[in-house]
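These notes are about the structure you will find just below.
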Amino acid sequence: MKEKTKVLSYVKYILIYFLLILFVIPFYLMLINSFKTTQQFVDDPFSLPAINKVGFDNFISAFEKMNFSRAIGNSITITTIGVFLVILTSSMAAYFLVRHKWKINRVIFAIFVASMIVPFQAVMIPLVSIYGRMNLMNSKWVLMFMYMGFGQGFAIFIFHGFIKNIPIEMEESALIDGCNKLQSFFKIVLPLLKSVIMTVLILDVLWIWNDYLLPSLVLLSPGERTLPLSTYSFFNTYSVDYAPLMAGIVLTIIPVLIAYLFSQKYIIKGVVQGAIK
Amino acid sequence: MDRNSKLINKIGNFIIFMGPSLIAFSCVLVIPFLYGFYLTFTDYSPIAITYDLVGINNYKAVFADKEFWGQFIKTLSYVFYSTLFCNLLAFILAYLLTSNIKGRNFLRGGFFTPNLIGGIVLGYIWKFIFANVVTQFGNIIGYGPLTTSFLTHPDRAIVAMVIVTVWQYAGYLMLIYIAGFVGIPKDIQEASEIDGATGLTKLVRITIPLMVPSFIICLFIMISRGFMTYDLNLALTNGQPYGSTRLLSMHIYQKAFQANEYGVGQAEAIILFVTVAIATVSQVLLTKRFEVEA
């Protein structure tokens, strides 16, 4: 009996690590091949780059052709401000919806929740048509405003569920002490929302940082491109020479992996919380 | 305070707290959604100066469009297979990771990694893998079918899409299943063990029924995301070869922004929306029936 469980446990380890290797091998192959020339890569994608030939030429070329510093700057600006706007406005709205059970508020909340199943494709064409005619395209700020709108449904749903369980007594006594509604929200309720803000923050950062379709419709000029957009245009423009393309991919992935290394615990917790709510 | 000023106060608070949220939400979702319905009854095109109302002609055109329905079926099977295999793999991973195993956090983090990266980049990574690495591997082990790229065969390119989708989301669903496994009350597990349930029996009779809520979420996520897949499709296959992997989202995009037929494209988008709604709602209702009380 004991022998059997021992063997079973070995099988388990072998299986899980085999699967893990299968999972991460694409990243490993990207990394080792990003140092090779295209010819070396085509001949033998499995070998490590020759030690005397390791060079950063691919990275330098990718960095320049992707306009990397510009693109990552755009991505950081749009993600930071976009996520900030979503969290601020949706937490305020959710608070108001919880504390005032008017009929209209119930209807509004139901619409917010229902909006979560509307695929982006269902509003994509009218969006382009309306904002295009009003000449509002090609602006980072319009894009951030759009993220603010698209982020409401999910964030309000999550905040609503959390605020519901916060006892109202503290706010009532604050009101008696002369706080107005805004003060009691920012001073009493908001600090209590820390953990749920983390959840929304992480999910929205991952969403906006990686989003391709919406920015591809809004940001038309090369200078405004975010990282996914510049990756796409880099691949379409220089599709013959493989090696720099791989270096470009490594460049885009590395900042994300570094951030993940330091905040893995929070990211995983946030993702789980966001899904099972 | 008299009644009037109280009302003004209430309205003031409503505007402060709800205003920004409602304005943004209406401007990007509610208004475009309603306007989209209107668009489907017109022959609007961004390159024409005027447009006319055409009744339900756009819907008629879509229903008569064989190509669209071919891609509709293709999308359905893509969603079906990626949902099936992704959930299967995620469940196995979660099962292994919640059993007595060392390095749990490290493993969990590793399997989740693909979810941090967007579909565009993932698509390009796998394009190299399928085009260069898998083919080389096929040469080395001398297995013929692997020596030509998956992405050049109409039948196999869609399989490549499913493989990458499973790889992309399995780690995410795994986290949800892990939470489900951990959430099963200890006393029930112990009681079942005392009653003699071990291994497979315990899994089928105790664990899986108690994890129905996790299944509901995971199936929902995969079905809704599957129908909306665009980035990965664009980067990995771009609908090629011969349009064999053009999923619905890409079809709609091309109809609208390459063929400039906004009305028809929007009618297709509405059909996509209705399909997603029917598929997800019926999935949730169906799986809810298996829910049991712990």
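By convention in this document, chain letters (A, B, ...) are assigned in the order of the sequence lines, proteins followed by strands, and residues within each chain are numbered from 1. Being a predicted model, the structure only gives us computed values, none of them experimental.
- Using a 4.5 Å cut-off between heavy atoms, B/F257 contacts chain A through its side chain alone, with no backbone atom that close.
- Proximity to chain B is absent for every atom of A/L85, based on heavy atoms less than 4.5 angstrom apart.
- Taking the six-membered ring for Trp, A/Y147 and A/F84 have ring centres at least 6.0 Å apart.
- Of the atoms belonging to A/V205, not a single heavy atom falls under 4.5 Å from chain B.
- Both the backbone and the side chain of A/L20 come within contact range of chain B, each with at least one heavy atom under 4.5 Å from a heavy atom of that chain.
- Looking at B/K102, both its backbone and its side chain come within 4.5 Å of chain A, counting heavy atoms on both sides.
- Of the listed residues (A/F112, A/Y131, A/W207), the one with the most heavy-atom contacts under 4.5 Å to chain B is A/F112.
- For A/N105, the part lying near chain B is the side chain, with the backbone staying farther off; criterion is any non-hydrogen pair under 4.5 Å.
- Proximity to chain B is limited to the side chain of A/L217, based on heavy atoms less than 4.5 angstrom apart.
- Interface residues of residues 262-269 of chain B toward chain A, defined by a heavy-atom distance below 4.5 Å and sorted by number: B/Y262, B/G265, B/Q266, B/A269.
- In this structure, chain A has a heavy atom under 4.5 Å from the side chain of B/Y44, while its backbone stays farther away.
- Using a 4.5 Å cut-off between heavy atoms, B/I120 contacts chain A through its side chain alone, with no backbone atom that close.
- For the side-chain hydrogen bond (donor to acceptor under 3.5 Å, both in side chains) with A/Y95, the qualifying choice from A/E171, A/H160, A/K181 is A/E171, the only one to do so.
- Inspection of non-hydrogen atoms places B/S21, B/L22, B/I23, B/A24, B/F25, B/C27, B/V28, B/L29, B/I31 of residues 21-31 of chain B under 4.5 Å from chain A.
- For a residue to count as touching a neighbouring chain, one of its non-hydrogen atoms must lie under 4.5 Å from one of that chain's; by this rule B/L39 touches chain A with the side chain only.
- If you tally non-hydrogen atom pairs under 4.5 Å between each of A/A122, A/G151, A/A94 and chain B, the highest count goes to A/A122.
- The shortest side-chain heavy-atom distance between B/V121 and B/D231 does not fall under the 4.5 Å cut-off.
- For B/A179, the part sitting under 4.5 Å from any heavy atom of chain A is the side chain, from C-beta outward, and nothing else.
- Both the backbone and the side chain of A/L213 come within contact range of chain B, each with at least one heavy atom under 4.5 Å from a heavy atom of that chain.
- A donor-acceptor contact shorter than 3.5 Å links the side chain of A/Y260 to the backbone of B/G109.
- Under the 3.5 Å distance criterion, the side-chain polar atoms of A/N210 are left unmatched by any main-chain donor or acceptor of B/G119.
- Using a 4.5 Å cut-off between heavy atoms, B/Y172 touches chain A through its side chain atoms alone.
- Only the side chain of A/W102 comes within contact range of chain B, with heavy atoms under 4.5 Å apart.
- The distance between the ring centers of B/F273 and B/F33 falls below 6.0 angstrom.
- For an aromatic pair to be called close, the ring centres must be under 6.0 Å apart, and B/Y95 with B/Y177 fails this.
- Proximity to chain A (any heavy atom under 4.5 Å) is shown, for B/I270, by neither the backbone nor the side chain.
- In this structure, the portion of B/I140 lying under 4.5 Å from any heavy atom of chain A is its side chain and not its backbone.
- For chain A, the nearby parts of B/S249 are the backbone and the side chain; heavy atoms of each come within less than 4.5 Å.
- Of the two parts of A/L29, only the side chain, counted from C-beta on, holds a non-hydrogen atom closer than 4.5 Å to a non-hydrogen atom of chain B.
- Using a 4.5 Å cut-off between heavy atoms, A/M148 touches chain B through backbone and side chain atoms alike.
- Ring centroids of A/F185 and A/F96 are separated by 6.0 Å or more, keeping the two rings apart.
- Between chain B and the options A/T252, A/L229, A/I108, A/L22, heavy-atom pairs under 4.5 Å are most frequent for A/I108.
- One N or O on the side chain of B/N115 and one on the backbone of B/F112 form a donor-acceptor pair closer than 3.5 Å.
- Contacts between A/Q121 and chain B at a heavy-atom distance below 4.5 Å involve backbone atoms as well as side-chain atoms.
- When the candidates B/F111, B/Y38, B/Y35 are compared by the number of heavy-atom contacts under 4.5 Å with chain A, B/F111 comes out ahead.
- Heavy-atom distances place both the backbone and the side chain of A/I111 under 4.5 Å from chain B.
- Residue B/L248: no heavy atom, backbone or side chain, is found under 4.5 Å from chain A.
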